[in-house]
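Note that this is a predicted model, so its numbers are computed, not measured. All heavy atoms count here, side chains included; hydrogens, waters and symmetry mates do not.
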Amino acid sequence: MIELSSFFEKLKDSLSVFKIPRESILHYLALLGILVIAFLIRAYPIIAYGYSLRAYDTFIQYMATRILEEKGLFYFLTNVDYNTWYPWGRSWTALYLGIPLTAFVLHKLLLFFGINVELIVVASAMPPFFGTLAVLSVYGVATEIKSNRAGLFAAFLAAISAGMIQRTIAGFFDNESIGIFLIIFSIYLFILASKRGSVLYAMLDGLVLGFLGWTWGIYRYVFGLLALYVFVLLISRKLNRDVALTYVIAAGWGLSITAILPRNYGIILSMEGMLVLGVLLLIVIRELAAYLSNILAGGAKQAYTVMSIGGGFIVLVGILVLYATGQLSPLGSKFASVINPALRTALPTFSSVSENQPAAWGVIFLGAFATILFAPLGLYYSLEQRDTAQIFLIVMVLTGFYFSASISRYIALGAPLLAIGAGVGIDYLLDPFARVMRGEWIVHRIKPVRVRLGEATLPRGEAFATYLLIALILSLSVHNAVLSVTASRFGAGRYDIDSTELAIFDYLRTYASPMDIVLSWWDYGYRLRVYGNVTVLVDNGTGNSTQMGVVGSMFMLPEEKSISLIKRYNVKYVVVYGVDLFKAIWMIRIAQKHAPMYNITEKDYFNADKGRYKEPFFNSLLWKLIAYKEDDRQVTGWIQQIGEEEISKDPTKYIPRTLMYFEPVLFAKKSGSLVKLYRVIYRTEQIPPKSPLVNTTATSIIAPENIVTTRYSSFSKKALIHEPYISFLMMENHRSYIW
């Protein structure tokens, strides 16, 4: 018995080496809980509704991943897809490779370890997985800047941030889903390398920056952020060798990797690349000046003067030579318009997307919520401290907020940056109250001594009230996050069996040939190409502005004029959406700018002062296709809603009764949404027989010359909930059509 007791004593003494403080256990349990919450919020659509894709660009990312799996990387990098942007086609290298490559690797790894899942599972689950890693990275950045308590606050705010959730929610299989993680993780590695003087961390940061350049065009922001940060340190004389070395390695290495991707060819000789390299050159000049200061008689002053003049002359000559030879490309118009929103009026294609518009205050507030209140405190703390890490925080928060205001979808970027600032601000605010709650004193523990020394004290009641107020604000943030998940479920475009347009997709995939050319506005190009398995004239890549202008002209011209233009492209089907009535102004503007030969002008079609359409619009092909065979009361309501006052006085004049060149094939209606499919009938052709309807989940189908209201039960809600693959079953079962 004595020997057994002695054994346990020795064992206890041995394990005491690994004893973890209770505070650390609670801290990391709290962090684990935050990460679990972050993942569950983002994975909620999978838990509730099964695996599916959402939003627009996810379809082309999914298709690109399929190509990588079935055709290989060489095919992906060399093949041209002639089923889009007909007849020119588009190289797959026009896409960023990060998302399909990541999904491909993860899927292969799962299969290698015996976890047999479909690609749709990986595509749907990747966003919440990397979104959770982004939250962990936010924790790391705030911890390095202030404390681990600041890290917890920042991670919690990021976990429930609606701005982040909307781009990392399950099914959002697009660039942002892993791009947000790469941005925050690269910042974390940069701070680590700068504080520790680690070449290894700097090289790892370069790899992350390079892969970010393969994933999302916003890599320009990160490179610019680092260059601006180092430049601020340089002019404020706070740049130390560790930060300088980290920048040279990370930015140089990262930019080199970024430039390898075909999509990014020319980035080094662009204004963005020159900005990065220019700051790098300033660092080199600074180091050379420091070396020459020990040699020149004039010391540091003469050395910096000589190097500045000589370096400036070399840079100026180099820029002039590059510009004169046409090798220096200007800043891309889209990115320039983010910096200066006033330039956006000259970019109708870019501005036609609502999420590319400047953000209203409500958008920023709902996306960032509590971080808007506390991030200024983080800035104040940083201005007080003014060391290198705090200066980085100032630059991050200010630029993140500016770009979120400049373009509304960048709240996905601004939200985690503001969360870092808010985490630091909350910790700074609570620090004195935390001392009171813990019974700690700064000057002396004995009260008479503290009073004698004049140390300020705070009552416990005030400290408790402050904690309670912040807890209340954070609880409201949780409520806002829950609402954002609900909004994402219903408003962010789940294209599974509940979608109205699936009726159209299913019909085209069943009855049309992959070579049949479909005319639609560019918003629907990816989905028609991938889900409908047809050839499209334009898609969401918006890579050919002239062709977009031509398509806009097709819709805005009268039917008898539009048909000759449509015939040039041998269009067989036309798809229009009810919401196109409100997108028509962008069709007009894009046609006016990029296809002026067809004489579509905004002044002829739209009254900008009153925000209403003029008579030529109600003679356009788009109006006729949307309004044809609709209830007269519905059409009259549209005319009164969007038409000029003179037109509203006699709306019956603009209700289309006949179509000469277009035959209705399928009209799908559900929950106020309207999608219509027409077949083009050329004068030289004999009108084909009416096609049979296909099984669909749309609740109302209108066939030519008659109206049929039906509900098909080929997929049940019960099947959707219990079968994880059912929401994407159609695509999985029609691979032969796609490939």
Side-chain angles (χ1 to χ4, degrees), residues 57 60-61 63-69 71-81 90-109 126 130 174-187 189-190 193 199-227 245-281 318 322 325-332 334-335 541 543:
D57 294 355
I60 201 66
Q61 301 284 4
M63 187 175 186
T65 310
R66 280 284 183 209
I67 288 178
L68 280 177
E69 287 202 335
K71 304 290 186 179
L73 182 61
F74 179 78
Y75 179 90
F76 184 89
L77 295 176
T78 58
N79 183 257
V80 175
D81 180 12
R90 180 197 55 215
S91 171
W92 284 104
T93 56
L95 288 177
Y96 285 106
L97 190 58
I99 287 289
L101 187 60
T102 302
F104 167 75
V105 171
L106 289 177
H107 192 210
K108 291 300 182 183
L109 283 175
M126 262 179 53
F130 282 102
D174 201 9
N175 302 331
E176 296 94 320
S177 61
I178 67 173
I180 295 172
F181 159 69
L182 293 172
I183 289 172
I184 307 301
F185 189 50
S186 67
I187 292 173
L189 289 173
F190 190 90
V199 174
L200 179 61
Y201 281 136
M203 292 188 68
L204 181 58
D205 189 32
L207 288 173
V208 174
L209 285 171
F211 194 68
L212 173 63
W214 286 24
T215 303
W216 192 11
I218 208 171
Y219 72 84
R220 294 169 174 83
Y221 164 78
V222 184
F223 281 108
L225 173 68
L226 297 180
L245 180 64
T246 300
Y247 178 81
V248 170
I249 295 174
W253 182 226
L255 191 64
S256 300
I257 296 173
T258 297
I260 296 174
L261 190 74
R263 170 80 185 244
N264 298 326
Y265 284 170
I267 186 63
I268 292 179
L269 291 178
S270 68
M271 291 299 295
E272 304 97 296
M274 285 293 126
L275 173 65
V276 176
L277 297 178
V279 173
L280 193 150
L281 181 59
L322 290 174
T325 56
Q327 298 181 58
L328 180 63
S329 59
L331 185 66
K334 288 197 299 185
F335 303 103

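No donor-acceptor pair closer than 3.5 Å links the side chain of Ser91 to the backbone N or O of Ala94. In terms of modelled atom types and a separation under 3.5 Å, the side chain of Asn79 and the main chain of Trp92 share no donor-acceptor contact. Looking at Tyr221, its side chain never comes within 3.5 Å of a backbone N or O of Ile183 through a donor-acceptor pair. The backbone N or O of Thr258 lies less than 3.5 Å from a partner atom in the side chain of Asn264, making a donor-acceptor pair.
Using a 30° and 60° split on the angle between ring planes, Phe190 and Tyr247 fall in the perpendicular class, above 60°. Ring geometry, Trp214 versus Phe211: the interplanar angle falls from 30° to 60°, so the pair is classed tilted.
The structure places OG of Ser186 at 14.0 Å from OH of Tyr219, a figure rounded to the nearest 0.5 Å. If you take CD1 on Ile178 and OG1 on Thr102, they are separated by 3.5 Å, rounding to the nearest 0.5 Å. In this structure, Leu182 CG and Ser177 OG are separated by 9.5 Å, a value rounded to the nearest 0.5 Å. Here Leu73 contributes atom CG and Leu97 contributes atom CG; the two are 6.5 Å apart, rounded to the nearest 0.5 Å. From Leu207, atom CG reaches atom CG of Leu189 across 9.5 Å, with rounding to the nearest 0.5 Å.
Considering only heavy atoms from C-beta on, Ile249 comes within 4.5 Å of Leu245 through its side chain.
Shortest non-hydrogen contact noted between Gly213 and Leu261 is O-CD2, 4.1 Å. Nearest heavy atom pair, residue Leu95 against residue Ala64, reads CD1-CB, 3.9 Å. In terms of heavy-atom proximity, Gly206 sits nearest to Ile257 at O-CD1, 3.9 Å.
Around the OH atom of Tyr201, the shell of radius 6.0 Å holds no more than 12 heavy atoms that belong to other residues, nucleotides or ligands.
Checked options Met63, Gln61, Glu69, Arg66; the residue passing with Pro100 is Gln61 (criterion: side-chain contact (heavy atoms from CB on, under 4.5 Å)).
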